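Below is one structure, written out as structure tokens, with a few remarks after it.
Quick note on labels: first sequence line is chain A, next is B, and so on, each numbered from 1. Remember, it's a predicted structure, so these values are computed and weren't measured experimentally.
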Protein chains: 2
Amino acid sequence: MRRTKAHAEATRQQILHAAERVFFEKGVSNASMEEVALAAGVTRGAIYWHFANKSDLFMELYKSVPLPQEDMIARELEVEGVDVFAVIERMAAEWLEVLAKDEQRQRILSILLRCDYGGELAPVLAQQQQVFDEHVRILEKAFARAAEMGKLDRCWTPRALASSFCWMMKGLCVEWLLFGRRFDLAAEGRDGLSRFIRGLRAA
Amino acid sequence: MRRTKAHAEATRQQILHAAERVFFEKGVSNASMEEVALAAGVTRGAIYWHFANKSDLFMELYKSVPLPQEDMIARELEVEGVDVFAVIERMAAEWLEVLAKDEQRQRILSILLRCDYGGELAPVLAQQQQVFDEHVRILEKAFARAAEMGKLDRCWTPRALASSFCWMMKGLCVEWLLFGRRFDLAAEGRDGLSRFIRGLRAA
DNA sequence: GAATTAACATACAGAACTGTTTGTATAACG
DNA sequence: CGTTATACAAACAGTTCTGTATGTTAATTC
């Protein structure tokens, strides 16, 4: 039965949400279109109407995830006279809090971490690499400014610190997402980052 | 044609090696037994003779990976008067060097990171969690001893430091393994860890 | 308001994969 | 040296999944 344009968009969103849950629970390659359809309350026909195949569905799901706004971060860090460390600490803590509360983001990041990017999904991996590199680049720039002002402990170089910081953030999130959420991400993450950053300031 | 006992064990190893490569390239759930058999130079019959099914094959592959010897690490760290930080730094660096050189270990760890542990593979995930927790526990104990001797910077608590250290290591390895080995793991990892640890010592 | 087309549901054909069964040559054993 | 069990290969049966083709209903268009 033909539905209105708005209704069609609604079922499209239903399918995306269902795919997100099913992909998260069973893994992308273990999930069948039938299962996604069942979870969305439609038939496979509806899915194949809106999406070409499973890879396309995955790509659209990936495109629907809100990316961290690097521009905003970068701009705030470039303000003159700002305490770079405090800003970075606050931003990292905010990111952890958002992730800890937003179950959709948790599911999508888990899916992205575990799926295998051989073949059609390669561009998704490339884009993730690009986002990560951009984060490192922004942090490096910020730490370089702190270093120029003599605020960065001499044992760190901006590059090494930016990398290490991102590694720690990634390890923290991976441990939480992939290994059972066995601790309070926001609280313990903020605590660890806070202590880490405290040690960065020049004595 | 029946083969000798030793020959049978050889084909079993061939199958395990082939599974390792195929699982790594296509992901566990995307790999078919036929592909593994082809890569091993046998037929599916041989695989089903040696292993019950794909899960069993995966479990045996997992069991064949040499685990880090926590006992040795723990014992070395408990020596009286040892420089805890130096030992930990050296051990972490050694681990990174081993990983950077041992392609088999790289493949197996990549497989373990990306496969989904729903159902039969759950015990593998549980064991990985246990190993991680044990690492954190050992480090915490070591850092606690350093703290007692007044060698640990006051802004760190042993627990928080152990967690943060493991997060950084995990993030480092995950970034390298899952996102294209785009840097020198041993060199850059050692550099970051060295700088990090330098900041831990009490002023 | 008849024709058209969008938004699906249903049915179908085929591929792929799994697990088992059967066949078989030969090593191992008495 | 005959028998038996082993280490597979090959064939088979059954299921599951995918992609498409067709059917159906209601919105839209003219």
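- Between the side chains of B/Gln130 and B/Glu134, no donor N or O sits under 3.5 Å from an acceptor N or O.
- Put simply, CD on A/Glu9 is 10 Å from P on C/dC8, counting in whole angstrom units.
- Rounded to an integer number of Å, the gap from CH2 of B/Trp49 to C1' of D/dA10 is 16 Å.
- In this structure, CZ of B/Arg3 is placed 8 Å from C1' of D/dA7, rounded to the nearest angstrom.
- Of all nucleotides listed (C/dC8, D/dA9, D/dA7), D/dA7 comes nearest to the side chain of B/Lys5.
- Note: CD1 (B/Ile47) to P (D/dA10) measures 14 Å, nearest angstrom.
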With a 3.5 Å cut-off and sequence neighbours excluded, list the donor-acceptor pairs that the side chains of residues 24-31 of chain B form with protein atoms.
unit_1	atom_1	unit_2	atom_2	d
B/Lys26	NZ	B/Glu35	OE2	2.7
B/Ser29	OG	A/Ser29	OG	2.8

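- For A/Arg182, the salt bridge (charged side-chain N to carboxylate O under 4.0 Å, His left out) partners at least two apart in sequence or on another chain are A/Glu175, B/Asp133.
- Note: A/Thr157 OG1 to B/Arg195 CZ = 5.5 Å, rounded to the nearest 0.5 Å.
- Residues A/Gln106 and A/Ala100 come closest through the heavy atom pair NE2-O, 3.0 Å.
- Note on B/His50: a side-chain N or O is less than 4.0 Å away from OP1 or OP2 of D/dC8.
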Reading nucleotides 15-24 of chain D from the 5' end, what letters show protein touch, with B for base, S for backbone sugar-phosphate only, - for no heavy atom under 4.0 Å? --SBBB----
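- Regarding contacts with the backbone of C/dT26, every side-chain N or O of B/Thr4 stays at 4.0 angstrom or more from both OP1 and OP2.
- Rounded to a whole Å, the CG atom of B/Asp56 is 11 Å from the P atom of C/dG19.
- Checking each of B/Arg90, B/Arg201, B/Lys151, B/Arg145 against B/Asp83 for a salt bridge (Lys or Arg N to Asp or Glu O under 4.0 Å) leaves exactly one that passes, namely B/Arg201.
- When the P atom of D/dA9 is taken as reference, atom CG of B/Leu38 falls 12 Å away, rounded to whole Å.
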